[in-house]
Enquirer: 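Here you go, one structure.
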Amino acid sequence: MVAKKRIYLDHAATTPTDPEVVEAMLPYLSDVFGNPSSIHSFGQEAKSAAEEARDKIAALIGARCEEIVFTGGGTEADNFAIKGTAYANEGKGNHIITTPIEHHAVMETCKFLQGRGFEVTSLPVDRYGLVDPQDVKKAITDKTILISVMHANNEVGTIEPIAEIGEIAREAGIYFHTDAVQAVGHIPVKVDELGVDMLAMSAHKLYGPKGVGALYIRKGTKLISFMHGGEQERRRRAGTENVPAIVGLGKASEIAQREMDAEAKRLISLRDKLIEGLMERIEHSHLNGLPTRRLPNNINVSIEFVEGESMLLNLDLEGIAASTGSACSSSSLEPSYVLLAMGLSHELAHGSLRFSLGRETTEEDIARVLEVSPRIIAKLRAMSPMLQSGT
Ligand SMILES: *Cc1c(COP(=O)(O)O)cnc(C)c1O
């Protein structure tokens, strides 16, 4: 029997490492093993590879290379930005503005600070998950030291009005951080156009390796390090650099810069085909997030009278990998806090399904999802106690 082709549609959770990235990393896992801090040629070879990677990342987001600090991933970059500015600017104020739809990396960091003398305002979002820049403006007090709003939401794909918020932050003289982990490498991200002071990215969301990321820090931004030790990364992040991973992030950035425009176009066409197909074939289904200003690879739908978990398991049996809510909350039975913040009922939040497409996704994959999903949903609805008691 020929094994069924498995279809991976969970690129928002992680992406496969590009073979070109793996190839670029390999020498740094063997022959080129020097410590970048060493003066000898072994060290200098490693150092120049890391600096070349830094240039590529800076080019991708329109930054200067000295404004890029390597981290151990997106979570660390978010922690660094938020705790680093909070503790460096305590003298100025203790107020942080954020949103209820942030990734855990931002949300939990703000919660941590909230218990330690900081005040946190969580802004409302509308039913598409959009933040209103005017709400940001209204929330600013003379104690505000940081605004943190994500660039694109990992669950529903909504792209936030970052440039407008950046303008407000700049006028008020307040630092502005954005978690751009889902945006970098997928849509154009330029730090000056966005007006951000700090921006977090992660390699494994753009076909690079896991456990490496970067924080962009605009020149002049006051923030303290939270890793202490050696003088690496201009004293901003101590510890011997993970050179192979950094080289991988550099290569992934180079590939993204080269292919982003054409790839986004291709994905938007597949995305819209899948959205329209699902809406057409499945009664009582709703799109979550903005219809157009959304990530090119994100489809998030709520399907009435079925549980997201059941849909996931049944799709997995058919070889299709998707997600319900966020990858982080799928092990708990709580519905997605992002969907609840957008005003969805618990039932609709529980019945959510996310497909996130990627470079390997084909027209055939989309056709297969459209063939399999209505069948699974019809079967689940036939067994659903919600349907029987509800109608
Ligand atoms: C994945 C993700 C992160 C965390 O990045 P890691 O590299 O996995 O730590 C943060 N924010 C968003 C929006 C993400 O999607």
Side-chain angles (χ1 to χ4, degrees), residues 8-17 21 57 61 68-84 98-112 125 129-131 148-160 162 177-187 189 194 196 198-216 226-227 237 242 244-246 248-250 252-253 256 288-289 294-300 321-331 336-339 341-342 354-358:
Y8 182 79
L9 297 176
D10 200 13
H11 292 79
T14 195
T15 54
T17 316
V21 169
I57 297 155
I61 62 169
I68 304 294
V69 174
F70 295 120
T71 66
T75 301
E76 184 186 319
D78 284 330
N79 269 263
F80 183 15
I82 297 167
K83 290 180 201 162
T98 185
T99 82
I101 60 162
E102 298 296 317
H103 187 272
H104 284 114
V106 168
M107 187 172 276
E108 293 299 322
T109 304
C110 288
K111 255 187 221 163
F112 168 85
V125 294
L130 258 187
V131 174
S148 181
V149 178
M150 74 197 317
H151 193 167
N153 183 267
N154 45 303
E155 288 192 37
V156 296
T158 296
I159 298 169
E160 300 295 340
I162 296 301
H177 162 254
T178 192
D179 174 342
V181 171
Q182 291 287 337
V184 172
H186 301 274
I187 57 173
V189 172
L194 297 175
V196 293
M198 286 159 288
L199 178 145
M201 61 185 283
S202 174
H204 77 100
K205 303 287 174 77
L206 64 141
Y207 306 92
K210 293 169 183 60
V212 65
L215 180 65
Y216 157 79
F226 80 125
M227 287 284 258
R237 202 271 190 179
N242 185 350
I246 288 169
L249 172 55
S253 301
N288 293 319
R294 68 190 297 128
L295 287 170
N297 72 343
N298 175 291
I299 293 103
N300 187 314
S323 158
T324 175
S326 81
C328 310
S329 68
S330 57
S331 56
S336 148
Y337 61 84
V338 172
L339 297 176
M342 287 160 56
R354 179 188 71 185
F355 298 102
S356 43
L357 320 182

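Everything quoted here is computed from the prediction, not taken from an experiment. Order of appearance sets the numbers: ligands from 1, and atoms from 1 within every ligand.
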Enquirer: Mind checking whether Thr75 has an N or O less than 3.5 Å away from an N or O of ligand 1?
Expert: yes
Enquirer: Could you tell me if the ring centre of Phe355 sits under 6.0 Å from that of His11?
Expert: no
Enquirer: At their closest point, which heavy atom of Phe226 faces which heavy atom of Lys83, and how far apart are they?
Expert: CE1-NZ, 4.5 Å
Enquirer: For ligand 1, which atoms have a heavy atom of Gly74 less than 4.0 angstrom away?
Expert: 5 (O), 6 (P), 7 (O), 9 (O)
Enquirer: Which bit of Lys210 gets closer than 4.0 Å to ligand 1, counting heavy atoms only: side chain, backbone, both or neither?
Expert: neither
Enquirer: Can you find an N or O of Glu76 that's nearer than 3.5 Å to an N or O of ligand 1?
Expert: no
Enquirer: Of all the atoms in ligand 1, which lie at a distance below 4.0 Å from a heavy atom belonging to Asn154?
Expert: 13 (C), 15 (O)
Enquirer: Ignoring hydrogens and angles, state whether a donor on the side chain of Glu102 or Ser148 is under 3.5 Å from an acceptor on the partner side chain.
Expert: no
Enquirer: Looking at Gly73, which atoms of ligand 1 are within less than 4.0 Å of one of its heavy atoms?
Expert: 7 (O)
Enquirer: When you compare the side chain of Thr109 with that of Asp78, does any pair of heavy atoms fall below 4.5 Å?
Expert: no
Enquirer: Provide, to 0.1 Å, the distance between atom 11 (N) of ligand 1 and the closest protein heavy atom, together with that atom's residue and name.
Expert: Asp179 OD2, 2.6 Å
Enquirer: Pull out every atom of ligand 1 sitting under 4.0 Å from any heavy atom of His204, numbered as shown with elements.
Expert: 6 (P), 7 (O), 8 (O)
Enquirer: Quick one about His204 and Thr14 (side-chain donor to acceptor, distance below 3.5 Å, no hydrogens or angles considered), yes or no?
Expert: yes
Enquirer: Got an N/O contact under 3.5 Å between Met150 and ligand 1?
Expert: no
Enquirer: Taking atom 3 (C) of ligand 1 as the point of reference, which of Glu102, Gln182, His103 owns the nearest heavy atom?
Expert: His103
Enquirer: Check whether any side-chain heavy atom of Ile299 lies under 4.5 Å from a side-chain heavy atom of Ser356, and answer yes or no.
Expert: no
Enquirer: Give the minimum heavy-atom separation between Val184 and Leu199, together with the two atoms involved.
Expert: CG2-CD2, 4.0 Å
Enquirer: Give me the nearest non-hydrogen protein atom to atom 1 (C) of ligand 1 as residue plus atom name, then the distance to 0.1 Å.
Expert: Lys205 NZ, 1.4 Å
Enquirer: Between His186 and Tyr207, what is the ring plane arrangement, given parallel below 30°, perpendicular above 60°, and tilted in between?
Expert: tilted
Enquirer: What is the nearest protein non-hydrogen atom to atom 7 (O) of ligand 1, stated with its residue, atom name and distance?
Expert: Ser202 OG, 2.6 Å
